[in-house]
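Below is one structure; the comments refer to it alone.
The chain is numbered in sequence order, starting from 1.
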Amino acid sequence: MGAEALLKKEVAVAEAPIVVGLQPSALVDHVARVDWSLLHQISGEHGGSIPVKIHVLSCHDDDDDDDDSAYVKTLAGGSVANTVRGLRSGFGISSGIIGACGDDEQGVLFVHNMNFNGVDLSRLRKKKGHTAQCVCLVDDLGNRTMRPCLSNAVKVQAEELTKEDFKGSKWLVLRYAILNLEVIQEAILLAKQEGLLVSLDLASFEMVRNFKQPLLKLLESGNIDLCFANEDEATELLRGEQNADPEAAVEFLAKCCQWAVVTLGSDGCIAKHGNQIARVPAIGEAKAKDATGAGDLFASGFLYGVIKGMTLEQCCQVGACSGGSVVRSLGGELTLENLHWMNKHMQIMNLLTPNTAK
């Protein structure tokens, strides 16, 4: 635990980041292009994210920035990590992450990648043990199927969280996960005591399907201010209801949250805030190279818009720009080329870009 104290000491005098994300286990993604023949050989539904119990073998990309030529790209991952990294590197919003990484090679990689992108790591605990990993399998259509390995991975526990993890920040970003429910609940409790707003991502359609009741209880608590769901998650949330379309899901979520957003892939998104409803089309090519991180980076853009006081429609448009940019290459982070593409489309739409934001 000495490394934990070292991380905190290095940034003790730093101002608290505007956004902190809770990802109990730091995670490293191994993103690979595969064909359908391999996807048919693995258990679970395509497009989902079900945990596996074996450790992924350590693998690395070829250090080539051209994502099209890399068979495997290894980088810091996880929905929350993708979102806070996108906020910092893509939009200049100070962001930090709360969680734990192992003292292994993957932990070093996670720290290096997040640190390189300017994410505040003063709330990241370093523990003896394994860092979580995830294989992201991307087919020819750009659809991704994820198989995370969280077994034996180090994680931050509920009792380790303190008010100092949240003090001075404005937003807490979360991803729903039944295995992390206790630490999520504690984080929300402490965050609300410090006056933070809370954003929740519904994670995956399997998570919603299999653990719907705890999720509903979390939503109905009134402590979730902003909720993101994709179309599949929204369908699962309302499964069994007479009307289970995205519009109905937005209305349902808006009863529990200040902001409710349902992303619709190539069809854009629909969102509600108070009495306002916005429908915004997707931005970019119809064919994505890799959908990994699309929803996470949409959340980065939407949060940037909220923080900057934009209208609901503008928040959705920025989210569409950032989500549309990340699918242009392999992996869930913004490359320099993607960042230029995003800023160009924001300028075309007369949106406040990070370069002009104050």
Salt-bridge contact E236-R239 (side-chain N to carboxylate O under 4.0 Å): yes
Any donor-acceptor N/O pair, K155 side chain to G99 backbone, under 3.5 Å: no
Intermediate values then yes/no, side-chain contact (heavy atoms from CB on, under 4.5 Å), L181 and Y176: CA-CA 8 Å; L181 189 56; Y176 181 59; 4.3 Å; yes
E337, CD atom: more than 12 neighbouring heavy atoms under 6.0 Å: no
L202 reachable from L179 in the ILVMFWY side-chain graph, under 4.5 Å edges: yes
Lys/Arg-Asp/Glu bridge criterion (N-O < 4.0 Å) met for K170, E194: no
Side-chain donor-acceptor contact under 3.5 Å, N180 with R175: no
Smallest separation among heavy atoms of A191 and L172, with atom names: CB-CD2, 3.7 Å
D29 side chain vs V31 backbone, donor-acceptor pair below 3.5 Å: no
S169 (side chain) donor-acceptor with A16 (main chain) under 3.5 angstrom: no
Backbone N/O of N223 and side chain of S221: donor-acceptor pair under 3.5 Å: yes
From CA spacing to verdict: salt bridge (charged side-chain N to carboxylate O under 4.0 Å, His left out), D232, R209: CA-CA 10 Å; D232 292 335; R209 176 191 301 163; over 6 Å; no
Stepwise side-chain contact (heavy atoms from CB on, under 4.5 Å) check, Y304 with L87: CA-CA 7 Å; Y304 165 78; L87 274 165; 4.3 Å; yes
Worked verdict on E160 versus K127 for side-chain contact (heavy atoms from CB on, under 4.5 Å): CA-CA 12 Å; E160 295 178 288; K127 298 184 177 183; 2.8 Å; yes
Under 3.5 Å side-chain donor-acceptor pair for D296 and S79: yes
Joint hydrophobic cluster, V327 plus I283, side-chain heavy atoms closer than 4.5 Å: yes
R279 side-chain N/O to I270 backbone N/O, donor-acceptor pair under 3.5 Å: no
Parallel, tilted or perpendicular, as decided by the 30° and 60° cut-offs, for the rings of W259 and W171: tilted
Whether R125 side chain and V154 backbone form a donor-acceptor pair below 3.5 Å: no
Over 12 non-hydrogen atoms of neighbours within 6.0 angstrom of NZ in K217: no
Polar side chain donor-acceptor pair, N338 to T335, under 3.5 angstrom: yes
Backbone N/O of I93 and side chain of S95: donor-acceptor pair under 3.5 Å: yes
Closest contact, heavy atoms only, A282 versus G265: CB-O, 3.7 Å
Donor-acceptor contact present, side-chain Q157 to main-chain E159, <3.5 Å: no
CA sep, side-chain torsions, deciding dist, call: D225, K192, side-chain contact (heavy atoms from CB on, under 4.5 Å): CA-CA 11 Å; D225 300 284; K192 286 301 178 181; 2.6 Å; yes
Contact summary for G96 and V84, nearest pair of heavy atoms: O-CG1, 3.9 Å
Side-chain H-bond candidate by donor/acceptor type, T131 with D104, under 3.5 Å: yes
Exercise: identify the closest heavy-atom pair between L253 and A260: CB-CB, 3.6 Å
Cluster check I97, I18: I/L/V/M/F/W/Y, side chain < 4.5 angstrom: yes
Heavy-atom neighbours of E182 CD exceed 12 at 6.0 Å: no
Contact summary for G90 and M342, nearest pair of heavy atoms: O-CE, 3.6 Å
Smallest separation among heavy atoms of D245 and L238, with atom names: O-CD1, 4.3 Å
H30 side chain to Q133 side chain, donor-acceptor N/O pair below 3.5 angstrom: yes
